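Report on one structure; see the data block that follows.
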Amino acid sequence: MSSNPVAETVASLMPRAKAELTELVAFKSVADFDQFPKSESEGAANWIADALRAEGFTDVELLDTPDGTQSVYGYLPGPEGSRTVLLYAHYDVQPPLDEAAWSTPPFELTERAGRWYGRGAADCKGGVIMHLLALRALKANGGVPVHVKVIAEGSEEMGTGGLERYAEQHPELLAADTIVIGDAGNFRVGLPTVTTTLRGMTMLNVQVDTLEGNLHSGQFGGAAPDALAALIRVLDSLRAEDGSTTVDGLAPTSPWDGLQYDEEQFRKDAKVLDGVGLIGSGTVADRIWARPAVTVLGIDCPPVVGATPSVQASARAKVSLRVPPGVDAVEATKLLQAHLEAHTPWGARVRTEQVGQGQAFSAETASPAYTAMAEAMTAAYPGQQMQYAGQGGSIPLCNTLASLYPEAEILLIGLSEPEAQIHAVNESVSPEELERLSVAEALFLLNYAAG
């Protein structure tokens, strides 16, 4: 990294950043209070609130959002007449999945081979630390040149929409000229990237019932309708022979025309086993950024260990459908429900329940904020030009903010590059990426204020 005062300050703050991320990762802040204590999420929220107060933020609040979680808000006044920038991150995390599969404990930040491992290290507690680093670097080098609002969400991973509803009820709270969402990631380590599109999503539980109760498979199997077999068949109807998503009435969308994703690199990033083919058609970028994608997230059925010779009376699954910009998530939900009902065999009873939904997002890139970020990224990553990419995941809040503040510019950056393995076991963050992106964010605020 080229030598400049901001970069030097961030470099000097990295030991502190690691210590703080260690503290923040230690909170088991999964916003599913049936699995994890609510006190863990409350502890993380209070940690962030205290950190903002220590940096001179005023009006620091713990916002009780309608889904029963808390978001942390703070305001740092800048020079009179300056622009306002909202910095977003979330402190809730995905469950650790199989803790035994982690090489080190998921809620203990651990350094290995130059990376820091822990649940939330990249997604998105590292984003909270990135914002703090950028602001500290500016304070040490002349001050923060804009008004800054920070919002740290407490339930982003659950998709329950608490902060979205709160923002709609208090539209003045998050109003800003530009919004920096710190919950995306570079296309690869060392390649500065702004995410310009996000797929939306809908999530359904589907239950199939065929019998009043389980039956002995020897006595009744072959004629009694098996609910698990019916569920397997209806789930299989969601994919074509090549693995492409097929939902009745959901039309294909335009191909991706931005940064392309090399297929062999994707296989490496996704850790696809040798000999196993990719699914779908078109370019990899088409498949993960510009087309619908269905995933069966879980199935309720008897485990292999302890299974009895029974015809199953009921079976249930959770199904996720990612939808690209240009596809309305509400309409996609209706189409998915109708498809599941239409393809359930043998007259089995089927019920669907919507458990999550978020619209897709597409940013306007021809704006002063994007120019300021491009200059900042080039300075933070010498020899590299900022790239535009899509992201297959969803951040439903983006559309809420775009709707509430149509004049605001929205940029998505962050630490979730492919090696981070967010949502999987052994999630990690690159400290070099944390350092460079913190520098980029600080330089962006300087450039934006001067523009």
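Remember, predicted model here, so these are calculated numbers, not experimental data.
Between the side chains of S41 and K28, no donor-acceptor pair of N or O atoms lies under 3.5 Å. Residues H147 and D177 have side chains that never bring a donor and an acceptor to within less than 3.5 angstrom of each other. Side chain to side chain, E8 and N4 fail the donor-acceptor criterion of an N or O pair below 3.5 Å. Counted by atom type alone, Y88 and E153 present one or more donor-acceptor pairs between their side chains at under 3.5 Å. E427 and Q421 are not linked by any side-chain donor-acceptor pair at a separation below 3.5 angstrom, with hydrogens and angles left out of the test. In summary, the side chains of D64 and Q70 do present a donor paired with an acceptor at a separation below 3.5 Å, with no hydrogens or angles considered. Between the side chains of E23 and W47, at least one donor N or O lies within less than 3.5 Å of an accepting N or O. One side chain, T104 or R112, offers a donor N or O that lies under 3.5 Å from an acceptor on the other. A donor atom on one side chain and an acceptor atom on the other are found under 3.5 Å apart for E156 and H90. With no hydrogens or angles considered, a side-chain donor-acceptor pair links T333 and Q357 at under 3.5 Å. E40 and S29 share no donor-acceptor pair across their side chains, judged by distance under 3.5 Å alone. One side chain, E432 or S430, offers a donor N or O that lies under 3.5 Å from an acceptor on the other.
A distance-only check finds no donor-acceptor pair linking the side chain of N186 to the backbone of V189 [under 3.5 Å]. Remark: the backbone N or O of S362 is not paired with any side-chain donor or acceptor of T197 at under 3.5 angstrom. With hydrogens and angles ignored, the 3.5 Å screen pairs a side-chain donor or acceptor of R267 with a backbone N or O of V276. Counting only distance, with no hydrogens or angles, the side chain of T196 and the backbone of V194 share no donor-acceptor pair below 3.5 Å. Between the side chain of K149 and the backbone N or O of A175 there is at least one donor-acceptor pair closer than 3.5 Å. Side chain of E157 to backbone of Q94: no donor-acceptor contact under 3.5 angstrom is found. Looking at D269, its side chain never comes within 3.5 Å of a backbone N or O of F266 through a donor-acceptor pair. Judged purely by atom type and a 3.5 angstrom limit, W289 has no side-chain atom pairing as donor or acceptor with the backbone of R199.
Nearest heavy-atom pair across V25 and P106 is CG1-O, 3.9 Å. For the pair T245 and A293, the tightest heavy-atom approach, listed with the atom from each and the gap, is OG1-CA, 3.3 Å. Here the shortest heavy-atom pairing between M14 and L133 reads SD-CD1, 4.0 Å. Considering all non-hydrogen atoms of both residues, P368 and E409 come closest at N-OE1, 3.4 Å. Closest approach of A49 and L62 over heavy atoms only: CB-CD2, 4.2 Å. Residues L52 and L132 approach most closely at CD2-CD2, 4.3 Å, considering heavy atoms.
We find that R115 and E111 are not joined by a salt bridge, their nearest charged nitrogen and carboxylate oxygen being 4.0 Å or further apart. Between R188 and E419, no side-chain nitrogen of the basic residue sits less than 4.0 Å from a carboxylate oxygen of the acidic one, so the salt-bridge criterion is not met.
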Does the pair D67 and S155 meet the rule for a side-chain hydrogen bond (donor to acceptor under 3.5 Å, both in side chains), with working shown?
CA-CA 8 Å; D67 62 354; S155 58; 2.7 Å; yes

Carefully, step by step, assess F27 and Y91 under the rule ring pair (Phe, Tyr, Trp, His ring centres under 6.0 Å).
CA-CA 9 Å; F27 292 106; Y91 68 83; 9.0 Å; no

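Seen from the ring of F107, R119 does not count as a face-on cation partner, given the 6.0 Å and 45° thresholds.
With rounding to the nearest 0.5 Å, the separation of OG1 in T9 from CZ in R136 is 12.5 Å.
Residues E172 and H170 form a side-chain contact, since some pair of their non-hydrogen atoms from C-beta on lies under 4.5 Å apart.
T178 pairs in a side chain to side chain donor-acceptor pair (under 3.5 Å) with only one of the listed residues (Y405, Y448, Y370), which is Y448.
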